[in-house]
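Read the structure below first, then the notes.
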Amino acid sequence: MEKTFIMVKPDGVKRQLIGEIVSRFEKRGFLLTDAKMMTISRETAENHYGEHSDKPFFGELVDFITSGPVFAMIWEGENVVENARTMMGTTNPKDAAPGSIRGDYAVNVGQNIIHGSDSTESAEREIALFF
Ligand code: GTP
Ligand code: MG
């Protein structure tokens, strides 16, 4: 069965949105197969976001994702990678549809509550990195 890596980012944890996010995925019919609260090292953050290493916001991104605990999860289900991305909403919350997680809870592209793998290959890589 397909798996994806989902993470409630430090802003989502601080705003006490873990339960809300877990609940949305459970109600949608996906299965939570592993989860842990953790603080990410800079090394892991730089590896996780490696594809963005040449972007101007990379330093800010690594600072933010290591700024406090995150809630890392593995979710399983049919087309879970693509479905999770739809449930999350677009990267920039200003464009995210109401009803999506970012559309309902986030305002700022740098602090957008949740991460989800963008492909089955990314999911495999990220699950190996975090679990
Ligand atoms: P992730 O699930 O976190 O990977 O988000 P994404 O796949 O929707 O977006 P992408 O991988 O393209 O970017 C990774 C993260 O970089 C985003 O979630 C944003 O938090 C951050 N980011 C992207 N663009 C900008 C930007 O222009 N400014 C800042 N400050 N952050 C950005
Ligand atoms: Mg991404």
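Index from 1, following the sequence. Just so you know, ligand 1 is whichever comes first in the structure, and atom 1 is the first atom listed for that ligand.
Residue Tyr49 touches ligand 1 through its side chain alone, judged by heavy-atom distances below 4.0 Å. Heavy atoms of Arg102 found under 4.0 angstrom from ligand 1 belong exclusively to the side chain. Under 4.0 angstrom from ligand 1, there are no non-hydrogen atoms of Gln111.
Taking only nitrogen or oxygen atoms, main chain and side chain alike, Glu51 does not reach within less than 3.5 Å of ligand 1. Of the N or O atoms in Phe57, none lie within a sub-3.5 Å distance of an N or O in ligand 1. Looking at ligand 1, you'll find an N or O of Thr91 within less than 3.5 Å of one of its N or O atoms.
With salt bridges taken as basic N to acidic carboxylate O contacts below 4.0 Å, one links Glu20 and Arg24.
Below 4.0 Å from some heavy atom of Asn112 lie the following atoms of ligand 1, by number and element: 17 (C), 18 (O), 19 (C), 20 (O). Every atom of ligand 1 with a heavy atom of Leu61 under 4.0 Å away is listed here by number and element: 15 (C), 16 (O), 21 (C). The ligand atoms of ligand 1 that sit less than 4.0 angstrom from a heavy atom of Arg85 are 2 (O), 6 (P), 7 (O), 8 (O). Interface of Glu60 with ligand 1, defined as ligand atoms under 4.0 Å from a residue heavy atom, comprises 30 (N). Remark: ligand 1 atoms within the under-4.0 Å shell around heavy atoms of Gly116 are 2 (O). Under a 4.0 Å criterion applied to the non-hydrogen atoms of Lys9, ligand 1 contributes the atoms 3 (O), 18 (O), 20 (O).
To the nearest 0.5 Å, atoms CD (Glu51) and OG (Ser122) are separated by 6.5 Å.
Under a 4.0 Å heavy-atom criterion, His48 is not in contact with ligand 1.
For atom 12 (O) of ligand 1, the closest non-hydrogen atom of the protein is His52 CE1, 3.5 Å. With hydrogens left out, the protein atom closest to atom 1 (P) of ligand 1 is His115 ND1, 3.1 Å, a heavy atom. Looking at atom 20 (O) of ligand 1, its nearest protein heavy atom turns out to be Val109 O, 2.8 Å.
A tilted orientation is assigned to the rings of His115 and Phe5, their planes being inclined by 30° to 60°.
Within 6.0 Å of CD on Glu124 lie no more than 12 heavy atoms contributed by other residues, nucleotides or ligands.
Contacts of Asp95 classified as side-chain hydrogen bond (donor to acceptor under 3.5 Å, both in side chains), with partners at least two apart in sequence or in another chain: none. With sequence neighbours left out, the side-chain hydrogen bond (donor to acceptor under 3.5 Å, both in side chains) criterion links Thr44 to Ser41.
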Working note: Trp75 + Phe30, criterion ring pair (Phe, Tyr, Trp, His ring centres under 6.0 Å); need CA distance, chi angles, decisive distance, verdict. CA-CA 6 Å; Trp75 284 91; Phe30 296 122; 7.3 Å; no

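Ring pair Tyr49/Phe58: centre-to-centre distance not below 6.0 Å.
Remark: side-chain polar atoms of Arg15 are paired, donor with acceptor, to backbone N or O of Tyr105 under 3.5 angstrom. The backbone N or O of Ile114 lies less than 3.5 Å from a partner atom in the side chain of Arg102, making a donor-acceptor pair.
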